[in-house]
Amino acid sequence: AFAESIYPFLHEDEIETVSMSYQSFSENKISKTLVLEWIMNAILRGREPRMKDAEVKLFLHPGKEPGQMTEGEFANAMESICPLAPDKLRMRLFAESAALLKTD
């Protein structure tokens with residue numbers, strides 16, 4: 001039932017899928033470490049529900065260039081998506097994303 005606590009926005013069938021994924025990953029065991037490992041694994045595979053939800057929300061705020069945002073566009077999108085996030089955090093997230101793109 002941890003999936004319902006972590007992902008209250010998911011529908012019943014999605015909760016079932018998340019639960020089955022976790023059970024398969026953890027071999028029916030539960031601990032804080034296993035839950036965190038499962039979340040990291042899901043993020044790396046592009047299947048973590050909150051990350052997918054955030055990506056969908058970002059796509060609702062497209063930049064002038066497809067697939068890219070300026071710092072201002074990102075700041076406006078983040079203000080809309082999570083208005084309580086500190087500006088310092090938003091700036092750091094943009095800087096980290098920009099640095100990652102430069103290394104690809």
Side-chain angles (χ1 to χ4, degrees):
F2 85 91
E4 293 171 340
S5 300
I6 296 175
Y7 307 114
F9 57 90
L10 293 180
H11 298 287
E12 188 176 325
D13 59 329
E14 295 169 316
I15 290 288
E16 181 72 23
T17 301
V18 167
S19 295
M20 287 174 35
S21 173
Y22 174 78
Q23 289 172 357
S24 172
F25 177 84
S26 69
E27 300 174 345
N28 283 332
K29 297 175 184 155
I30 191 157
S31 70
K32 181 180 176 180
T33 301
L34 282 172
V35 170
L36 292 175
E37 286 177 6
W38 177 82
I39 290 171
M40 290 302 300
N41 185 287
I43 289 170
L44 293 173
R45 292 182 303 139
R47 295 184 181 165
E48 201 282 330
R50 289 196 183 273
M51 296 295 284
K52 289 169 56 176
D53 186 54
E55 187 176 29
V56 167
K57 288 178 181 178
L58 268 178
F59 281 130
L60 297 176
H61 301 276
K64 289 182 182 176
E65 290 187 42
Q68 296 183 0
M69 290 183 161
T70 64
E71 187 171 0
E73 291 168 339
F74 181 78
N76 290 337
M78 293 305 291
E79 176 68 31
S80 170
I81 293 168
C82 51
L84 300 179
D87 288 337
K88 186 176 180 178
L89 174 60
R90 289 185 219 158
M91 292 181 341
R92 190 180 91 219
L93 290 172
F94 182 83
E96 288 177 6
S97 297
L100 181 64
L101 288 174
K102 289 179 184 174
T103 62
D104 284 347

What side-chain donor-acceptor pairs closer than 3.5 Å can you find for residues 84-95, not counting sequence neighbours?
| from | atom 1 | to | atom 2 | distance (Å) |
| --- | --- | --- | --- | --- |
| Asp87 | OD1 | Arg90 | NH1 | 3.3 |
| Arg90 | NE | Ala85 | O | 3.3 |
| Arg90 | NH1 | Glu79 | OE1 | 2.7 |
| Arg90 | NH2 | Glu79 | OE1 | 3.1 |
| Arg90 | NH2 | Pro83 | O | 3.4 |
| Arg90 | NH2 | Ala85 | O | 2.6 |
| Arg92 | NE | Glu96 | OE2 | 3.1 |

task: Please round to the nearest 0.5 Å and tell me the distance separating atom OG of Ser21 and atom CG of Asn41.
output: 7.5 Å
- prompt: Are the side chain of Thr17 and the backbone of Asp13 linked by a donor-acceptor contact shorter than 3.5 Å?
  reply: yes
- prompt: So how far is it from Leu58 CG to Met78 CE, rounded to the nearest 0.5 Å?
  reply: 6.5 Å
- request: Show your working on side-chain contact (heavy atoms from CB on, under 4.5 Å) between Val18 and Ile6 and close with a plain yes or no.
  value: CA-CA 10 Å; Val18 167; Ile6 296 175; over 6 Å; no
Nearest heavy-atom neighbours spanning Ala77 and Met69: CB-CE, 4.0 Å
message: Would you say CZ of Phe9 has more than 12 non-hydrogen atoms from neighbouring residues, nucleotides or ligands within 6.0 angstrom?
response: yes
query: Does Asp53 reach the side chain of Lys57, with side-chain heavy atoms less than 4.5 Å apart?
result: yes
ILVMFWY cluster, Met51 and Ile15 together (side-chain gap under 4.5 Å): yes
- prompt: Say you draw a straight line from OG of Ser19 to CD of Glu12; how long is it, rounded to the nearest 0.5 Å?
  reply: 10.5 Å
message: So Ser80 and His61, do their side chains get closer than 4.5 Å, heavy atoms only?
response: yes
- prompt: Is Trp38 reachable from Met20 through a run of I, L, V, M, F, W or Y residues, each pair having side-chain heavy atoms under 4.5 Å apart?
  reply: no
- prompt: Is the count of non-hydrogen atoms from other residues, nucleotides or ligands lying under 6.0 Å from Arg47 atom CZ greater than 12?
  reply: no
task: Provide the closest heavy-atom pair for Tyr22 versus Ser31 in the form atom of the first, atom of the second, distance.
output: OH-N, 3.9 Å
- prompt: Do you know which two heavy atoms are closest between Phe25 and Leu34, and how far apart they sit?
  reply: CE2-O, 3.9 Å
message: How long is the straight-line distance from CG of Asn76 back to CD of Glu73, given to the nearest 0.5 Å?
response: 8.0 Å
